[in-house]
Amino acid sequence: MDARPAPTVAVPVTIVGGFLGAGKTTLLNHLLSHEDGRRLGVIVNDFGSINIDAALVVGVEGDMVQLSNGCICCTIQDDLVEALDRLLSVPEPPQHIIIEASGVSDPRSVAATLEQRVNPALATIDAVIVVVDVKQHLSMSCRERIVAGGQLRAADILVLNKIDLVEEAALDALETRLRPRLKRGRIFRAVRGRVPAALVLGVGVFDAARSCGPEAMHVHLHELPNGGPADEEGAEAGHDDGGHDHSAHEHGGHDHGAEFWTWSFRTPRPLSARRLRRAVDALPPAVVRAKGTIQLSSHAGRRAVMHVVGRRAELCLGEPWGEAEPETQLVVIGVDEPLAADALEQMFRACEVEPGTGGPAKTMWRWVRRVLPSGTG
């Protein structure tokens, strides 16, 4: 990146982190739709083989780079630097770049990579934003707190998201508990990531001492291939004859023992919303996140979007498919021992139906899932 003549003003870069399902993409989409005349570039990282988050980002067209199959905090740092260089190399580069890290990435490591490997005359870090799902945070397991706690320590700006899901007293208590970790960091409360862009973009509050210290935390994650956990060397992505994607990815160098695995599912066949809900309810507590774009048999012309965070689940209609070929793409993320890939595949294949069938034509399903005991499904 140093060979290119430096621009008059370095492009500010905002890093958005936060645990799985916190609402990072929702915040990103809000900022993109309220950019105040700035031309924004976006880099979206998802450690699964299918980048669901990138598929849900709207309004950036060619100014977006997708980074999948690894974490930008460790295994694909080179890809991150190359992606940033790509955005800065176009004839009219973005005036501000937002990097959405995966839900198990450490924002401090992302910031350290940029500080060490990017010419500050070309790009500088503006702020690290960490998004917190307040209801989820109050019920996190010890293992999940390992990851979320490291992310919080990176925050220049903390967005307490989904505040409509908790009581005011619980929210106040959580903010009081988290504030000491931020030192001089800012805290904003939000519903569906609605924070004014002027409060979080172009604010110049990045604290390198906090975000790039030597104690940066990492997480250890596996991606589940078609038949078991990833081996130490990882494996190439592959597709079976049914159009389902099972990719293996693993990275080491992590010292806190928090293991996450992902399993990816793709099918060109439509799904029944009722059957899909039953499948989601059958996922055990080890599944902490599931997300995807769904082809519903009852709504052939519009894609549906599914989000599962802990016990909360939502399936709602999104935009028309347009020129895109209708297809279901789903990612399941869990902790501890990976679920059997063949059992997961069987569970979601059972949701497939013939076009035009599969239950009532609801436009929104929102429920608390009936989580079955670990090991079921």
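Counting from 1, the numbers follow the sequence of the chain as shown.
- Looking at V42 and I97, their side chains never come closer than 4.5 Å, going by heavy atoms from C-beta outward.
- By the 4.0 Å N-to-carboxylate-O rule, R179 lies close enough to E175 to be salt-bridged with it.
- Residues I99 and L114 form a side-chain contact, since some pair of their non-hydrogen atoms from C-beta on lies under 4.5 Å apart.
- No side-chain heavy atom of L87 sits under 4.5 Å from any side-chain heavy atom of P93.
- Side-chain contact between L201 and T14 is present, with heavy atoms from C-beta onward closer than 4.5 Å.
- In this structure H30 satisfies the ring-ring contact (aromatic ring centres under 6.0 Å, His included) test together with H34, sequence neighbours excluded.
- Between D106 and R153 there is no salt bridge, since no side-chain N of the basic residue sits under 4.0 Å from a carboxylate O of the acidic one.
- The same ILVMFWY cluster, assembled from side-chain heavy atoms under 4.5 Å apart, contains both L174 and I163.
- G193 and N161 get closest at one heavy-atom pair: N-OD1, 2.8 Å.
- The pair K135-D164 fails the salt-bridge criterion, with no side-chain N (NZ, NE, NH1 or NH2) lying under 4.0 Å from an Asp/Glu carboxylate O.
- Between the side chains of E327 and T267, not a single donor N or O lies within less than 3.5 Å of an accepting N or O.
- In plain terms, the two heavy atoms of C351 and A279 that are nearest each other are SG-CB, 3.8 Å.
- To the nearest 0.5 Å, the span separating CG on L32 from CZ on R38 amounts to 11.0 Å.
- Counting only N and O atoms by type, the side chains of W367 and D281 include a donor and acceptor under 3.5 Å apart.
- Side-chain contact between L315 and L296 is present, with heavy atoms from C-beta onward closer than 4.5 Å.
- When side chains are defined from C-beta on, V44 counts as touching L28, because their heavy atoms get closer than 4.5 Å.
- A donor and an acceptor atom, one from each side chain of H96 and R39, are nowhere located under 3.5 Å apart.
- Counting heavy atoms from C-beta outward, F19 and V132 have side chains that stay 4.5 Å or more apart.
- R366 has a carboxylate O that lies under 4.0 Å from a charged side-chain N of E314, or vice versa, which qualifies the two as a salt bridge.
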